[in-house]
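Taking it in order: structure first as structure tokens, then the write-up.
Predicted, not measured: the structure shown is a model, and the values here were computed from it.
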Amino acid sequence: MAVPHVLPVYSDFLSLISTEMASGHLTRAEALACEGVRHACHVMLYCDAQALLFGTISIRHIVLMQMRFDGLLGFPGGLVNPLEESLEAGLSRELMEEMGMAPPVSEEDHVASCYAPPSSSSSSTPPLITHFYVKKVEEEQIRALEKAGPSTAIDHGLEVLGVVRVPLYSMRDGGGLPSFLSNGFAGNARAQLLDALTRFHLVAPDDLCQALATCTQIHARTAAALGDALALAEDKQQHSS
């Protein structure tokens, strides 16, 4: 699908992602020195893959995310308390609870720490700093993680509704990555995903630009469809009252 009027140039895209991720960015040490804040650690687990979808579309890589209890997409992980455990130990604990397995994640896998976007929660809730990690594993580990959650993770079906793979390909009808990016994401998870896909060369920046441009068109169509659904629901409500 050609979208020449909204597709940014290569350098502009890299600048956009860098600026978004740099907003509120802290070093790991600066983040740990902050007082009166909460901390959350999340990790993007991925591997290389050789499979073909329909025998023609290259999968290239498997990237894991999860559907959360609130219907939003996010990365495995959760709140940690640096006063009681290291960031990595807390992340490992969260992975065991949510996925039933915890691939070793070290400080070397840390990518970024930053303040999470403001939420609609009470203003009395302390600010949240998110620590993002990226860990490359073997495909066998990815498959084991996908199987372990439903059978052994204590949070499966509660805080976590299921592990999902990120489609890194784009189809002519907007399927694949464009459709995936049009979903709702928790906090700064979408920005973390986009940065990681570029940083670790999992998707070419121009392909990611194209996917995002198509995603905006999907959002426009979805908004129109939701407006029609709302009008229909209100009409039925009026006739039933």
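The NE2 atom of H110 sits 8.5 Å away from the OG1 atom of T27 when rounded to the nearest 0.5 Å. In this structure, CG in D195 is found 9.5 Å from CE in M44, a value given to the nearest 0.5 Å. If you take OG on S182 and CG on L177, they are separated by 10.0 Å, rounding to the nearest 0.5 Å. Put simply, CG on L87 and CG on N81 are 10.0 Å apart, with the number rounded to the nearest 0.5 Å. Rounding to the nearest 0.5 Å gives a distance of 6.5 Å between CG of L79 and CG of L128. Interatomic distance, L95 CG to E97 CD, rounded to the nearest 0.5 Å: 9.5 Å.
Below 30°, between 30° and 60°, or above 60°: for F180 and F185 the angle between ring planes is above 60°, a perpendicular geometry.
A continuous path of Ile, Leu, Val, Met, Phe, Trp and Tyr side chains, each step under 4.5 Å between heavy atoms, connects V37 with L26, placing both in one hydrophobic cluster. L72 and I218 are members of different hydrophobic clusters when ILVMFWY side chains are connected at heavy-atom separations under 4.5 Å. M96 and I142 fall into different hydrophobic clusters, defined by Ile, Leu, Val, Met, Phe, Trp and Tyr side-chain heavy atoms under 4.5 Å apart, directly or through other members.
Side-chain contact check for V43 versus D109: every heavy-atom pair is 4.5 Å or farther apart. Side-chain contact between K135 and Y133: absent, with no pair of heavy atoms (C-beta onward) separated by less than 4.5 Å.
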Determine all donor-acceptor pairs shorter than 3.5 Å in which one atom belongs to a side chain in residues 45-52; sequence neighbours excluded.
{"from": "D48", "atom 1": "OD1", "to": "H61", "atom 2": "ND1", "distance (Å)": "2.9"}
{"from": "D48", "atom 1": "OD2", "to": "K136", "atom 2": "NZ", "distance (Å)": "2.8"}

Taking only distance into account, with no hydrogens and no angle test, what donor-acceptor pairs under 3.5 Å do side-chain atoms of residues 155-168 form with protein atoms, sequence neighbours excluded?
{"from": "R165", "atom 1": "NE", "to": "E146", "atom 2": "OE2", "distance (Å)": "2.7"}
{"from": "R165", "atom 1": "NH2", "to": "E146", "atom 2": "OE1", "distance (Å)": "3.0"}

Step by step, work out the side chain to side chain contact (heavy atoms under 4.5 Å, CB included) result for L194 and L208. CA-CA 8 Å; L194 295 175; L208 202 47; 3.9 Å; yes
Worked verdict on T130 versus S113 for side chain to side chain contact (heavy atoms under 4.5 Å, CB included): CA-CA 6 Å; T130 59; S113 295; over 6 Å; no
Could you walk me through whether Q66 and L73 pass the side chain to side chain contact (heavy atoms under 4.5 Å, CB included) check? CA-CA 6 Å; Q66 60 188 20; L73 292 166; over 6 Å; no
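Ion pairing of R28 with E88 is present here, as a side-chain N (NZ or NE/NH1/NH2) and a carboxylate O approach within less than 4.0 Å.
For H42, there are no ring pair (Phe, Tyr, Trp, His ring centres under 6.0 Å) partners at least two apart in sequence or on another chain.
Between D207 and S170, the side chains place no donor N or O within less than 3.5 Å of an acceptor N or O (distance only, hydrogens not considered). No side-chain donor-acceptor contact under 3.5 Å links T198 and H201.
Taking both residues in full, the closest heavy atoms of R60 and S58 are given as CG-OG, 3.0 Å, listed atom of the first, atom of the second, then distance. Residues N188 and C114 approach most closely at ND2-SG, 3.3 Å, considering heavy atoms. Taking every heavy atom of both residues into account, A196 and V134 meet most closely at CB-CG2, 4.1 Å. Between G74 and A189, the shortest heavy-atom distance links the atoms CA-CB, 4.2 Å. Heavy-atom minimum distance, V80 versus R93: CA-NH2, 4.0 Å.
For E138, the CD atom is loosely surrounded, since the number of other residues' heavy atoms within 6.0 Å does not exceed 12.
Not one N or O on the side chain of R190 forms a donor-acceptor pair closer than 3.5 Å with the backbone of G184. In this structure, E94 contributes its side chain and L91 its backbone to no donor-acceptor pair below 3.5 Å.
Note: F75 and F132 meet the aromatic proximity criterion, with ring centroids under 6.0 Å apart.
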